[in-house]
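Heads up: the structure comes next, in structure tokens.
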Amino acid sequence: MFSRGLAVCVLTLITTGLAVFLLLYIFDFNIVVQIYLIYSALAWRDLKDETEIIFSCLIKNEIENARKFLSYVVGRDTENLNKTEIIRAAIETISENSIDGIISVIFYAGLGYFFAGNSGMCLSVWIFKAASTLDSMIGYESFGNFGKPSAKLDDILNFIPARIGGLIIIFAGFLLTGKNLKRSLKIFLLDRKNHKSPNSAHGESAFAGVLNIKLGGESFYNGVLKVRPFINAEALEPQIYDIVRAWKLLDVSCSLFTGLIILILWKI
């Protein structure tokens, strides 16, 4: 099963790369098409839109609707979550996906540009997106050894962006508030490994430290209880307007990282 999973992984990446290259070739490597392809790969707007619906339902105290819309963006069971658990899940979604949905994409766009210019950005970004999607669809959590190659590749590709991203989020939080840099860094260093994934808790711990809220804990997945350590365990439970604060932190973090990548490439 592992070898079959590896074959699917490799063929998907090759097919994705060829498809993107062919599309660029058809449009004569038009810069507008390249910008659109990179923009389409970013989860920035989608992440905010999806959690904004949940936020709106919570404001109206429409808990059933909030559970329903949350179920579209998280893997955990949502039918029995209370208001606080819904808020926590929404913020965890923002914080975790800030890395693999945005910061990693920007990272690989910069890496692709460094090695192959504009067209390299698109190829690099969409090969990464293919790997990330494979992990989401056939990761070993649900598909065992068949999904293991895809899951491991996703772990490897997000390894560096997760660690850089955590630090960027902390610095962005300092720019937003002008305080708590030391506390945020402490929480990040203490709790960034409190997840089964080697990368997922980096974004969560950075957000938890900056917002000074508690994340993590137990959740049900397909009826099975899974418990992981709390992140920033001594902090208070998140409140509804912490979702708004998480959006602001997301915007500043990703804008800051984009600016940093552009500056590095310009200086090089």
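Any value given below was found using the heavy atoms of this structure, including those in side chains, with hydrogens, waters and symmetry copies removed.
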Results of side chain to side chain contact (heavy atoms under 4.5 Å, CB included) for S200 - residues two or more places apart only: E96, H195, S197
Please report, to 0.1 Å, the donor-acceptor pairs under 3.5 Å made by any side chain of residues 11-29, with sequence neighbours excluded.
{"from": "T12", "atom 1": "OG1", "to": "V8", "atom 2": "O", "distance (Å)": "2.7"}
{"from": "T15", "atom 1": "OG1", "to": "L11", "atom 2": "O", "distance (Å)": "2.7"}
{"from": "T16", "atom 1": "OG1", "to": "T12", "atom 2": "O", "distance (Å)": "2.8"}

Charged N-O contact under 4.0 Å between E64 and R67: yes
For the side chain of [X] and the backbone of [Y], is there at least one donor-acceptor N/O pair under 3.5 Å apart?
X: S104; Y: I99; answer: yes
X: D242; Y: Q239; answer: yes
X: R228; Y: K196; answer: no

Tell me whether [Y] is reachable from [X] by hopping between hydrophobic residues (I, L, V, M, F, W, Y) whose side-chain heavy atoms are closer than 4.5 Å.
X: F2; Y: I138; value: no
X: F230; Y: L81; value: no
X: Y39; Y: L123; value: no

Apply ring pair (Phe, Tyr, Trp, His ring centres under 6.0 Å) to [X] and list each qualifying residue two or more places apart in sequence or on a separate chain.
X: F257; result: none
X: Y72; result: F69
X: F188; result: H202

Residue pairs, two or more places apart or on separate chains, that pass side chain to side chain donor-acceptor pair (under 3.5 Å) and touch residues 259-268: none
Listed once per pair and sorted, the side chain to side chain donor-acceptor pair (under 3.5 Å) pairs that draw on residues 170-184, sequence neighbours left out: none
T258 and L256: CA distance, side-chain angles, deciding distance, side-chain contact (heavy atoms from CB on, under 4.5 Å) verdict: CA-CA 5 Å; T258 302; L256 182 62; over 6 Å; no
Distance (rounded to the nearest 0.5 Å) between I213 CD1 and I91 CD1: 4.0 Å
Table please: side-chain donor-acceptor pairs of residues 47-55 below 3.5 Å, with sequence neighbours left out.
{"from": "K48", "atom 1": "NZ", "to": "D251", "atom 2": "OD1", "distance (Å)": "3.2"}
{"from": "K48", "atom 1": "NZ", "to": "D251", "atom 2": "OD2", "distance (Å)": "2.6"}
{"from": "D49", "atom 1": "OD1", "to": "R45", "atom 2": "NE", "distance (Å)": "3.0"}
{"from": "D49", "atom 1": "OD1", "to": "R45", "atom 2": "NH2", "distance (Å)": "3.0"}
{"from": "T51", "atom 1": "OG1", "to": "L47", "atom 2": "O", "distance (Å)": "2.8"}
{"from": "T51", "atom 1": "OG1", "to": "K48", "atom 2": "O", "distance (Å)": "3.3"}
{"from": "T51", "atom 1": "OG1", "to": "W247", "atom 2": "NE1", "distance (Å)": "2.9"}

Listed partners of D100 passing side-chain hydrogen bond (donor to acceptor under 3.5 Å, both in side chains), at least two apart: none
Pairs involving residues 73-83, ordered by first then second residue, that meet salt bridge (Lys or Arg N to Asp or Glu O under 4.0 Å) (sequence neighbours left out): R76-E92
Distance-minimising heavy-atom pair for T78 and S71: OG1-CB, 3.4 Å
Which atom of D135 lies closest to which atom of A151, heavy atoms considered: OD1-CA, 3.2 Å
Listed partners of K214 passing salt bridge (charged side-chain N to carboxylate O under 4.0 Å, His left out), at least two apart: E237
Cut-off 3.5 Å, no hydrogens considered: what does the side-chain donor-acceptor table look like for residues 162-169, sequence neighbours left out?
{"from": "R163", "atom 1": "NH1", "to": "F159", "atom 2": "O", "distance (Å)": "2.8"}
{"from": "R163", "atom 1": "NH1", "to": "N199", "atom 2": "OD1", "distance (Å)": "2.9"}
{"from": "R163", "atom 1": "NH2", "to": "P198", "atom 2": "O", "distance (Å)": "3.0"}

